[in-house]
**Q** 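If you scroll down you'll find the structure; I have some questions about it.
These figures come from a predicted structure and were not determined experimentally. The sequence lines fix the lettering, A, B, ..., with proteins before strands; numbering per chain opens at 1.
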Number of protein chains: 2
Amino acid sequence: MHAAVLRYFDHVARHGSIRKAADALSVASSAVNRQILRLEDEMGVTLFERGRSGVRPTAAGELLLRHVRETQNEYQRTRAEIASLGGTVSGDVRIISLESMLVRFLPQVVDEMSARHPKVTFTVLAVHPSEIGEALRSGDNDFGVLFVDARHRGVDVIAEFPTSVGALMRPDHPLAGRKSLTLTECVGHPVVMLQDRWLLDAIMAMEFAGSGARLSPRVVSNSIEFMRQVIRSGLGIGFFTPIGFIDEIRRGELVHVPLVEPGLAQSRIGILVPRYRRLSPPARLMINHISERLGAFADFLAAPPRRPKRRGRT
Amino acid sequence: MHAAVLRYFDHVARHGSIRKAADALSVASSAVNRQILRLEDEMGVTLFERGRSGVRPTAAGELLLRHVRETQNEYQRTRAEIASLGGTVSGDVRIISLESMLVRFLPQVVDEMSARHPKVTFTVLAVHPSEIGEALRSGDNDFGVLFVDARHRGVDVIAEFPTSVGALMRPDHPLAGRKSLTLTECVGHPVVMLQDRWLLDAIMAMEFAGSGARLSPRVVSNSIEFMRQVIRSGLGIGFFTPIGFIDEIRRGELVHVPLVEPGLAQSRIGILVPRYRRLSPPARLMINHISERLGAFADFLAAPPRRPKRRGRT
DNA sequence: CGGTGTGCTGCTATTTCGGCATCACCCCGC
DNA sequence: GCGGGGTGATGCCGAAATAGCAGCACACCG
């Protein structure tokens, strides 16, 4: 429905090059070039600065770019809404997430949603904490499953759940019997650490650094899967939210002891949506589903993991 | 830049007929028809119900229509924003207004703005009070200069000014010397009245009706210009905000005595914008200018003509 | 100095689009 | 019943917009 020049313009801006954009679009570069020139003529201003190694949007180009991308996003959302009139929910749901949610939680939720609504597609991306703000505001994503951070602006938290960040260890670890722990109590026990600023949010990094606790990292990695194996081998304690390890905890292979550090106790995982963004029907369904599943986990964690009795939902 | 089918689709919905829309667009009806058919094929749903006497949007059509119109509005706003980068402000400012503002106030403001920014065009419409909500929410208009009414939802009041609704009369009228009046004090004096629900807002109609004051209307009309002449002839008292008669008041040809009826004292004229609407640069300028001029009038009315004082406002 | 990258531009083929005439249908008034 | 005027849909054809190909001019780099 929308003119091809919208896609061309968007791609050129993304690739920073007319030829690369044309390549990605599978059209001749001359076609893309002429559309851009015609567009500039229509607008009466230059939209790209021509450099020796490509093009870069001018101020006017940025403005028009915002309009073009918003139009494309709204078009997709409108199509999904129209399709949902016929009873079948369809469209693409775009989620940005904490890495820890990508390990167990979101795959399961996506699987369930996908079975229930076969025509819905999913795009789930892990984002670097520094890019969260831009990723939410750009309009490219529907919502995020992230740590709630008051520093985010222009973002609404439409559901949040307490997460007990805690020490993850084998059941035969000396500290495994404790009901709760402080970081200082962990001093002396070997720990496994995450790579800086990734996986765990910057808030937690600050808390760990500011607590004054001297933890001796035996293993450092940025792979949660690697960490999982390391902790199961008994090489040390890991500090995580339990969500990525829910299966091991249920099976009794790992024990999660909540930390009672004052700052960490308030950690919350929330569903964050860009303010003023209209959500597509599948996005709304997905949010409902994630909320439900997160609530179930919160219930499970509130009840002692000794007895793996099922709380409520299926 | 945008595909022609957007305009076609919008016009067809507005006119309720493909042929009429094609006529308004100055294209053959077959062209418009084919574009609509192609659009429906692309969407996979019927967008119009074909009736005996034209077409009517289906639910899916309404959804797409909203997207199309929003896209067109945002495009105009974006163009104005790009144009303002070059220093010259341009674009169309769409205002809905009280009729009383159209008589003296807005023409003057438009004239001043038009002189300062020659490339800005203006669309100023008087709207029936019952249509204010829709007119603001439809996205077709930038803002309204209207009585502030708490019943409006989804609308932000970004500036408001007290208006002293009062009795308008010749200087030689028996009541002309008063500092203030109540409606009951006007009983016995002939008055000229406005036609119901028009010009004066519904609030005021309620107030007039509920005050129990029995006023004898000698002349009833819906034309402010006609009222102006009638009052100047001394046929009676009129009840208006002074804005439409500011020239006569300044020249001493008419006197405006504020009413102290409890409900009426709180009347305010405000600049109302649809919530979440991004304003184009000329619209912002126009709002600033109107605010300034309204503030000047408020000052003029607060202090007798001999001593004009300024209240801070830019 | 050629090699590779960039954006731009004639030329030509193809696709799309618009205009005209026409058809089929429906409703209303005579 | 029967035109007349209204509607949207279609076939045909010319015009306009678009895309593809090849090539140009320029800038960088080793």
Side-chain angles (χ1 to χ4, degrees), chain A residues 1-62 64-65 68 71-72 75 82, chain B residues 1-65 68 71-72 75 79 82:
Chain A
M1 160 174 133
H2 284 293
V5 65
L6 300 195
R7 270 184 317 124
Y8 291 7
F9 182 60
D10 182 26
H11 273 72
V12 168
R14 280 191 204 281
H15 289 88
S17 156
I18 292 181
R19 291 183 115 105
K20 290 207 184 87
D23 216 42
L25 290 161
S26 301
V27 291
S29 70
S30 60
V32 177
N33 182 33
R34 261 190 283 262
Q35 292 273 13
I36 298 295
L37 289 177
R38 196 177 59 82
L39 188 59
E40 288 183 324
D41 187 61
E42 181 184 338
M43 292 291 151
V45 294
T46 66
L47 298 169
F48 290 105
E49 280 178 6
R50 272 72 169 176
R52 304 311 163 224
S53 63
V55 294
R56 201 168 56 87
T58 63
E62 297 280 5
L64 190 61
L65 202 53
V68 165
T71 298
Q72 291 174 323
Y75 176 63
I82 290 176
Chain B
M1 164 174 124
H2 283 294
V5 65
L6 300 195
R7 270 183 317 123
Y8 292 7
F9 181 61
D10 181 26
H11 274 71
V12 169
R14 280 192 204 280
H15 289 87
S17 155
I18 293 182
R19 291 182 112 103
K20 289 204 184 93
D23 220 39
L25 288 162
S26 300
V27 290
S29 68
S30 60
V32 177
N33 184 32
R34 261 190 287 261
Q35 292 273 14
I36 299 296
L37 291 176
R38 197 178 58 81
L39 189 59
E40 289 184 323
D41 188 60
E42 181 184 338
M43 293 290 152
V45 294
T46 66
L47 298 170
F48 289 106
E49 279 177 7
R50 272 73 169 176
R52 301 91 197 143
S53 63
V55 294
R56 201 169 56 89
T58 63
E62 296 280 5
L63 256 44
L64 190 62
L65 201 54
V68 165
T71 297
Q72 291 174 323
Y75 175 64
R79 288 217 60 160
I82 289 175

**Q** Would you mind reading off the distance between B:L47 atom CG and D:dA9 atom P, rounded to a whole angstrom?
**A** 12 Å
**Q** What is the distance, to the nearest angstrom, from the CD1 atom on B:I36 to the P atom on C:dG18?
**A** 11 Å
**Q** Of the candidate nucleotides D:dG8, C:dC8, D:dG20, which contains the atom at the shortest distance from the side chain of A:S29?
**A**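 From the listed options, C:dC8 comes nearest.
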**Q** If I take atom CZ in residue B:R52 and atom C1' in nucleotide C:dA24, what distance separates them, rounded to the nearest angstrom?
**A** 16 Å
**Q** Give a yes/no on whether any side-chain N or O of A:Q35 is located under 4.0 angstrom from OP1 or OP2 of D:dA19.
**A** yes
**Q** Do any side-chain nitrogens or oxygens of B:K20 fall under 4.0 Å of OP1 or OP2 in D:dT7?
**A** yes
**Q** Measure from the side-chain heavy atoms of B:R34 and tell me the nearest of C:dC26, C:dG19, C:dT22.
**A** C:dG19
**Q** Consider the side chain of B:S30, meaning its heavy atoms from C-beta on, and name the nucleotide among C:dA21, C:dC27, C:dG7 that approaches it most closely.
**A**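 For B:S30, the side-chain atoms sit closest to C:dA21.
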**Q** Can you tell me the distance, in whole Å, between the CG atom of A:L37 and the C1' atom of C:dT9?
**A** 10 Å
**Q** Between C1' on C:dT6 and CD on A:E49, what's the gap in Å once rounded to a whole number?
**A** 15 Å
**Q** So, taking the atom named CG in A:L64 and the one named OH in B:Y75, what distance separates them when rounded to the nearest 0.5 Å?
**A** 7.5 Å
**Q** Taking only the side-chain heavy atoms of B:R50 (C-beta and beyond), determine which of D:dG8, C:dG18, C:dC8 contains the nearest atom.
**A** D:dG8
**Q** What is the distance, to the nearest angstrom, from the CD atom on B:E40 to the P atom on D:dG8?
**A**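 The answer, rounded to whole Å, is 12 Å.
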**Q** A:E42 side chain to B:M1 main-chain N or O, any donor-acceptor pair under 3.5 Å?
**A**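 Pair found, side chain donor or acceptor close to backbone of B:M1.
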**Q** When we call it a touch if two heavy atoms are under 4.0 Å apart, what does A:Y8 touch: a base, just sugar-phosphate, or nothing?
**A**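 The residue A:Y8 makes sugar-phosphate contact but no base contact.
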**Q** Got a donor-acceptor contact below 3.5 angstrom from the A:E40 side chain to the A:L47 backbone?
**A** yes
**Q** If we only count heavy atoms from C-beta on, is the A:H2 to B:T71 side-chain gap below 4.5 Å?
**A**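 Contact flag for A:H2/B:T71 side chains = yes.
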**Q** C:dC8, OP1 or OP2 - any side-chain N/O from A:N33 closer than 4.0 Å?
**A** yes
**Q** In whole angstrom, give the distance that lies between atom CZ of A:R56 and atom P of C:dG7.
**A** 14 Å
**Q** Over how many whole Å does the gap from A:D41 atom CG to C:dT9 atom P extend?
**A** 12 Å
**Q** Return the nearest nucleotide to the side chain of A:I18; candidates are C:dC8, C:dC26, D:dG20.
**A** C:dC8
**Q** Determine the minimum heavy-atom distance between A:L6 and A:V68, stating which atoms define it.
**A** O-CG1, 3.6 Å
**Q** OP1 or OP2 of C:dC17 versus the side-chain N and O atoms of B:R38: is any pair under 4.0 Å?
**A**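 Yes, such a contact exists.
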**Q** Under 4.0 angstrom, heavy atoms only, what part of the nucleic acid is B:R19 near: base, sugar-phosphate, or nothing?
**A** base
**Q** Could you pick out which residue, B:G54 or A:A28, lies toward the 5' side of DNA chain D when each is mapped onto its nearest nucleotide?
**A**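 First, find each residue's nearest nucleotide; the 5'-ward one identifies B:G54.
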